[in-house]
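Accompanying notes for the structure given below.
Note on naming: letters A, B, ... go to the chains in the order of the sequence lines (proteins, then strands), and numbering restarts at 1 for each one.
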There are 2 protein chains.
Amino acid sequence: MADRTAQGPRGENLLFLTDDQLRKAIEAMFFAYQGFTADPDRILSEKGFGRAHHRALHFINRSPGTTVNNLLGILGVTKQSLNRVLRSLIAAGFVEVRVGDKDKRERHLFLTEDGAGLEKMLSEAQRARMRAAFREAGPEAVTGFRTVLEQMMDEESRRMFQRLKDGA
Amino acid sequence: MADRTAQGPRGENLLFLTDDQLRKAIEAMFFAYQGFTADPDRILSEKGFGRAHHRALHFINRSPGTTVNNLLGILGVTKQSLNRVLRSLIAAGFVEVRVGDKDKRERHLFLTEDGAGLEKMLSEAQRARMRAAFREAGPEAVTGFRTVLEQMMDEESRRMFQRLKDGA
DNA sequence: CTTGGAATGTCAACAATGCTGACATAAAAT
DNA sequence: ATTTTATGTCAGCATTGTTGACATTCCAAG
């Protein structure tokens, strides 16, 4: 392993910023994301669903009554793409739609009991892996992990993430 | 923000392992990965390619002369899926194939000059974002980041990553 | 040496999930 | 009241994952 501790003029650790170190980090991100999604993907594929369904379930569970438009902003896909996913979740009885009370154009989304059950199954699997990784890595590593992730986000995603982070 | 520093019996930071903290980390991973792929995706879509083409270019660039079978192990997709991507990269003149010298079943893959140019463009964009995130987060965060990522990988991916990390 | 099986890669067809475009309905603005 | 804007749906296309069928090459057993 190359020396990681060379100090720059302002005491910064510069070797982290070599292209080679960055390339390794990029590859780590790629492989880690495979792991991140592997367990839920397995469960979903048995039920004929995909990763997009998981994302929808996650954010509906997190913000019950959210609208389609709301979800679009969070997920960063087109409404047409999301609509297809929602349609199949509704048809399968995992999601319930209620037409807006004040604004009748809006559709408010809720998990059914079954939907909540599936969401729990998926997020339990994902949390279990995350928990194990965090335990192995230790609390300081986890803090660093979250710091870097936040910096990697687009401005818009970061705002969304912040807004979700503290309640909402 | 909730207190992050509660200490467990063995001095471990246990609050990180609450479901709520884990859920936030999961969301951070989701949004960060969007950012991670955003810049290359933009470039690729202009050229009529997708993320799968980027991955192939990356690993061919990294290990010139690698075989199709080799790439399959790294990318974790089926050979049929990879084959389609390679076919279009070859047709576009970005990748060159040489039939194996010893084993004529094998196809060895190389980037053409154009392919190397495109790969450089894509990886420069991705590295720029990573570099900026690392700079903002600081060296200790980066160490933690990489530690956690490595722990999140599947066993097989971790072995692959380790093998790639040190030469090879 | 021949033959049968294993390894490598290609082609075809299907599914999930992005996308754009056209449209219906409800709300808001003029 | 009519036009414009916002929200959501439906249809069709592209990318990229999948499985299945097949061709070629290598290797090992007889």
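- The salt bridge (charged side-chain N to carboxylate O under 4.0 Å, His left out) check on E46(B) picks up nothing, with sequence neighbours excluded.
- For DNA chain D, the neighbouring residues in residues 101-111 of chain A, judged by any heavy atom under 4.0 Å, are R105(A), E106(A), R107(A).
- Atom C1' of nucleotide dT16(D) and atom CG of L86(B) are separated by 13 Å, given to the nearest angstrom.
- Look at CG on N69(B): it is 17 Å from P on dT25(D), rounded to the nearest Å.
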Do any side-chain atoms of residues 67-74 of chain B form donor-acceptor pairs under 3.5 angstrom with protein atoms, and if so which ones, sequence neighbours left out?
residue: T67(B); atom: OG1; partner: N70(B); partner atom: N; Å: 3.1

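- Under the salt bridge (charged side-chain N to carboxylate O under 4.0 Å, His left out) criterion, the residue pairs touching residues 80-99 of chain A are E96(A)-R98(A), with sequence neighbours excluded.
- Using cut-offs of 30° and 60° for the angle between ring planes, the F145(B) and F134(B) rings count as perpendicular.
- With sequence neighbours excluded, no residue satisfies salt bridge (charged side-chain N to carboxylate O under 4.0 Å, His left out) with E113(B).
- With sequence neighbours left out, D39(A) forms a salt bridge (charged side-chain N to carboxylate O under 4.0 Å, His left out) with R42(A), R129(A).
- Rounding to whole angstrom units, CD of residue E46(A) and C1' of dT18(D) are separated by 16 Å.
- Regarding L71(B), its CG atom lies at a distance of 12 Å from the P atom of dT10(C), rounded to whole Å.
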Please lay out, stage by stage, how Q151(A) and R146(A) fare under the test side-chain hydrogen bond (donor to acceptor under 3.5 Å, both in side chains).
CA-CA 9 Å; Q151(A) 292 302 323; R146(A) 295 192 49 179; over 6 Å; no
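- Under the rule for a side-chain hydrogen bond (donor to acceptor under 3.5 Å, both in side chains), H108(B) has no partner lying at least two apart in sequence or in another chain.
- Looking at residues 26-45 of chain A, you'll see that no heavy atom sits under 4.0 Å from any atom of DNA chain C.
- Counting only residues at least two apart or in different chains, ring pair (Phe, Tyr, Trp, His ring centres under 6.0 Å) contacts with residues 71-107 of chain A comprise F49(A)-F94(A).
- One interatomic measurement links the two molecules: CZ of F49(A) to C1' of dG17(D), which rounds to 18 Å at whole-angstrom precision.
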Show me the donor-acceptor pairs, under 3.5 Å and distance only, between side chains in residues 116-126 of chain A and residues at least two apart or in other chains.
residue: S123(A); atom: OG; partner: E119(A); partner atom: O; Å: 3.0
residue: S123(A); atom: OG; partner: K120(A); partner atom: O; Å: 3.4
residue: S123(A); atom: OG; partner: R127(A); partner atom: NH1; Å: 3.4
residue: E124(A); atom: OE2; partner: R127(A); partner atom: NH2; Å: 3.0
residue: Q126(A); atom: NE2; partner: F36(A); partner atom: O; Å: 2.9

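- Side-chain nitrogen and oxygen atoms of N83(A) include at least one within less than 4.0 Å of the OP1 or OP2 phosphate oxygen of dT9(D).
- Considering only residues two or more places apart in sequence or on other chains, D101(A) meets the salt bridge (charged side-chain N to carboxylate O under 4.0 Å, His left out) condition with none of them.
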Protein-to-nucleotide contact annotation, 5' to 3' order, nucleotides 18-24 of chain C [B base; S sugar-phosphate only; - none; under 4.0 Å, heavy atom]
BBBB---
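- Residue-level contact check: G48(B) touches the backbone only, with heavy atoms under 4.0 Å from sugar-phosphate atoms and none from bases.
- Regarding contacts with the backbone of dC11(C), a side-chain N or O of R87(B) is found under 4.0 angstrom from either OP1 or OP2.
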